[in-house]
Amino acid sequence: MELRLYDTLSREKRTFVPLDAKDVRMYVCGPTVYDFAHIGNARPVIVFDVLFRLLRHLYGEAHVKYVRNITDVDDKINDRAARDFPGLPLNEAIRKVTEQTGKQFHADVDALGALRPSVEPRATEHIGEMREIIEKLVAGGFAYVAEDHVLFSPQAMNAADSGLPRYGALSNRSLDEMIAGARVDVAPYKKDNTDFVLWKPSKPGEPSWPSPAGIRAEGRPGWHVECSAMAWKHLGEHFDIHGGGVDLVFPHHENEVAQTCCAFHRERMANYWMHNGFLQVESEKMSKSIGNFVTIHELLADWPGEVLRLNMLKTHYRSPIDWTMKSLEESAKTLDDWYRVTADVAPGQPAASVVEPLLDDLNTSLAIAALHGLRNASDAGGLAASLRLLGFLSESAAQWESRKQRASGVDASEIDRLIAARAAARVRKDFKESDRIRDELVAKGVVLKDGKDTDGKPVTTWELA
RNA sequence: GGCCACGUGGCGGAGUGGUUACGCGCCGGUCUGCAAAACCGUUUACUCGGGUUCGAGUCCCGACGUGGCCUCCA
């Protein structure tokens, strides 16, 4: 069985053939670290983590390299730093913001069960590579200097007749359309309104580095060239998979392709371009003004990370998701059941019924249906191994259960005392008293479960509603 | 205005021409002092209008609806 992936560029599912099966290479655009990551940011993290795990399963852990960058130079970071640390010099404030936010991001994605990528490059550590790419683009006639900016010219790219991709091929639009649809003010230093910034001058006090292309004033990079530089440094001029959210297709990824292909005279940057769909919250677009803007951090206060993970994977990665409380409750219930039935089970091999849907462009919905199938067939070993492949079952069943008790703050010994009192009442057939105790516990959110142990003796356990 | 994606049963959500998706819920049963939990079983669908075909949720055209992108938002 072979892996098939949907490629945004060719707009079809294609069999995945790595450039080098001993060194499978994937790049995913990571966060700009200026604020808490929201639940929409969690989607690419989880989706491409599943792909990373699947690739490791197929090609071996040592043969897959996953790069996810951290953008730590950006206007939004500068604004946030000035707002939060008005007393500090800007550069120091920026460092505080990026450190704090980066740390929080790692705590969030760890809780979601996402493996750390092989490399997490920071933009500010790759300024040299960015300058190098910019120099090549200027030398090749694809970029020009104007008023201390360096601008990339898609027109020049499409005028070149050598083996380059056409600008606009990834996002499926022509330069003419872009010119016609342009609705922003064109900066006076641009030759064409489709030109985009590779390098720009820094204002006094802002982060700055020596500029390329003979510009005397110091400056800083444009966003797009950061990813071209980091991907090049860690994965080479041409690699296998490039991922991110659909919103990045244009202009970010289109521009990455342009920069990398023109700098290195290549026809392709990545062989497969993968994009995850967007997310709505309770059927509404997530926005701060509606008040439904929800961070990963906030959700983790109420739900285990694996519940968020399962809830995300119930929907195919390219479809839109409506993120709702009801759906989260369902996901939590499912995981409770899976933890229960896989408790103390030695994991076997991941089931083919789970792996095969994943090979078909990460059909996680169908894979989850297969998990239910394993559960109903009482194949606990296969279920446990398959869940692990998908990044679940990171803790023991006991830890999973105790986490819920801790969160609710109930006193386990008090509950045990009440259960014993109820058992005594039932023995003397004082059902009025036994029901009273049961209701008392329900009021505390504790649900009793009467069963029998292996000897047929009645035994009562409990769980939180 | 331009480009693109999507529209499945009470809810979530798979399925690219012909057989039960699956899960949650509902309902019924077993168990129970009664419940709950657990286990067993059952139920309902393909936005609308045309077309292609022996046959369409699945292909084509149109309408309506929802969402995304159109210069730094995952």
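Numbered from 1 within each chain, the chains take letters A, B, ... in sequence-line order.
- Look at B/G49: its Watson-Crick or wobble partner, with both distances under 3.5 angstrom, is B/C61.
- Using atom P as the reference point in both B/G13 and B/C6, the two lie 15 Å apart (nearest Å).
- Contact check, A/Thr315 against B/G13: a side-chain N or O comes under 4.0 Å of OP1 or OP2.
- Ion pair A/Glu433/A/Arg436 flagged as a salt bridge, since at least one NZ, NE, NH1 or NH2 atom sits closer than 4.0 Å to an Asp/Glu carboxylate oxygen.
- Within the 4.5 Å cutoff, no side-chain heavy atoms of A/Leu137 are placed close to those of A/Val225.
- Atom name P, nucleotides B/A5 and B/G62: the rounded distance is 13 Å, in whole Å.
- In this entry B/U19 has no Watson-Crick or G-U wobble partner, no candidate having both defining distances under 3.5 Å.
- The environment of A/Asn376 atom CG is dense: over 12 non-hydrogen atoms of other residues, nucleotides or ligands sit within 6.0 angstrom.
- Screening A/Asp148, A/Asp72, A/Asp75 against A/Arg220 for a salt bridge (charged side-chain N to carboxylate O under 4.0 Å, His left out) leaves a single residue, A/Asp75.
- Judged by closest nucleotide on RNA chain B, A/Lys13 is the one of A/Lys13 and A/Glu330 placed further toward the 5' end.
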Dump every N/O contact between nucleotides 35-37 of chain B and the protein below 3.5 Å, one line per pair.
| from | atom 1 | to | atom 2 | distance (Å) |
| --- | --- | --- | --- | --- |
| B/A35 | N6 | A/Asp450 | OD2 | 2.5 |
| B/A35 | N1 | A/Arg438 | NH1 | 3.4 |
| B/A35 | N1 | A/Asp450 | OD2 | 3.3 |
| B/A35 | N3 | A/Arg438 | NH1 | 2.7 |
| B/A36 | N1 | A/Asp450 | N | 3.1 |
| B/A36 | N1 | A/Asp450 | O | 2.9 |
| B/A36 | N3 | A/Leu448 | O | 3.3 |

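- Figure legend: cation-pi geometry between A/Arg318 and A/Tyr6, with NZ or CZ positioned under 6.0 Å from the six-membered ring centre and within 45° of its axis.
- With hydrogens and angles ignored, a donor-acceptor pair closer than 3.5 Å exists between the side chain of A/Asp435 and the base of B/G33.
- Remark: B/G67 base-pairs with B/C4. Criterion, Watson-Crick or G-U wobble with two distances under 3.5 Å.
- A salt bridge (charged side-chain N to carboxylate O under 4.0 Å, His left out) with A/Arg14 holds for exactly one of A/Asp240, A/Asp7, A/Asp360; it is A/Asp7.
- Of the C1' atoms belonging to B/G1 and B/C48, the separation is 27 Å, rounded to the nearest Å.
- Here the P atom of nucleotide B/C6 and the NE2 atom of A/His316 are 11 Å apart, to the nearest Å.
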Within the sub-3.5 Å range, which N or O atoms of nucleotides 72-74 of chain B have a protein N or O partner, and how far apart are they?
| from | atom 1 | to | atom 2 | distance (Å) |
| --- | --- | --- | --- | --- |
| B/C72 | N4 | A/Lys200 | NZ | 3.1 |
| B/C73 | OP2 | A/Lys76 | NZ | 2.1 |
| B/A74 | OP1 | A/Asn41 | ND2 | 3.4 |
| B/A74 | O4' | A/Asn41 | ND2 | 3.4 |
| B/A74 | O2' | A/Gly245 | N | 2.5 |
| B/A74 | O2' | A/Asp247 | OD1 | 3.3 |
| B/A74 | N1 | A/Leu279 | N | 3.2 |
| B/A74 | N3 | A/Gly40 | O | 3.2 |

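- Regarding A/Tyr6, its OH atom lies at a distance of 7 Å from the P atom of B/A5, rounded to whole Å.
- Proximity of A/Asn255 to the phosphate of B/U71: no side-chain N or O atom is located under 4.0 Å from OP1 or OP2.
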(request) May I have the step-by-step check of side chain to side chain donor-acceptor pair (under 3.5 Å) for A/Lys314 and A/Ser331, ending in yes or no? (result) CA-CA 9 Å; A/Lys314 285 202 292 198; A/Ser331 299; 3.0 Å; yes

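- Each of A/Val341 and A/His372 was assigned the nucleotide of RNA chain B with the nearest heavy atom; the assignment lying further toward the 5' end belongs to A/His372.
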(request) Would you sort out whether A/Glu414 and A/Arg417 count as a salt bridge (Lys or Arg N to Asp or Glu O under 4.0 Å), showing the intermediate values? (result) CA-CA 5 Å; A/Glu414 168 71 0; A/Arg417 193 185 62 73; 3.3 Å; yes

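- Counting heavy atoms from C-beta on, the side chains of A/His149 and A/Lys190 never come closer than 4.5 Å.
- For the C1' atoms, the distance from B/C27 to B/U43 is 8 Å, rounded to whole Å.
- Using a 4.0 Å cut-off between a side-chain N of Lys or Arg and a carboxylate O of Asp or Glu, A/Asp361 and A/Lys13 do not qualify as a salt bridge.
- Taking the C1' atom of each, B/A21 and B/G9 are spaced 13 Å apart, rounded to whole Å.
- For A/Lys333, a side-chain nitrogen or oxygen approaches OP1 or OP2 of B/G25 to under 4.0 Å.
- Taking atom C1' on both nucleotides, B/G28 is separated from B/G65 by 38 Å, rounded to a whole Å.
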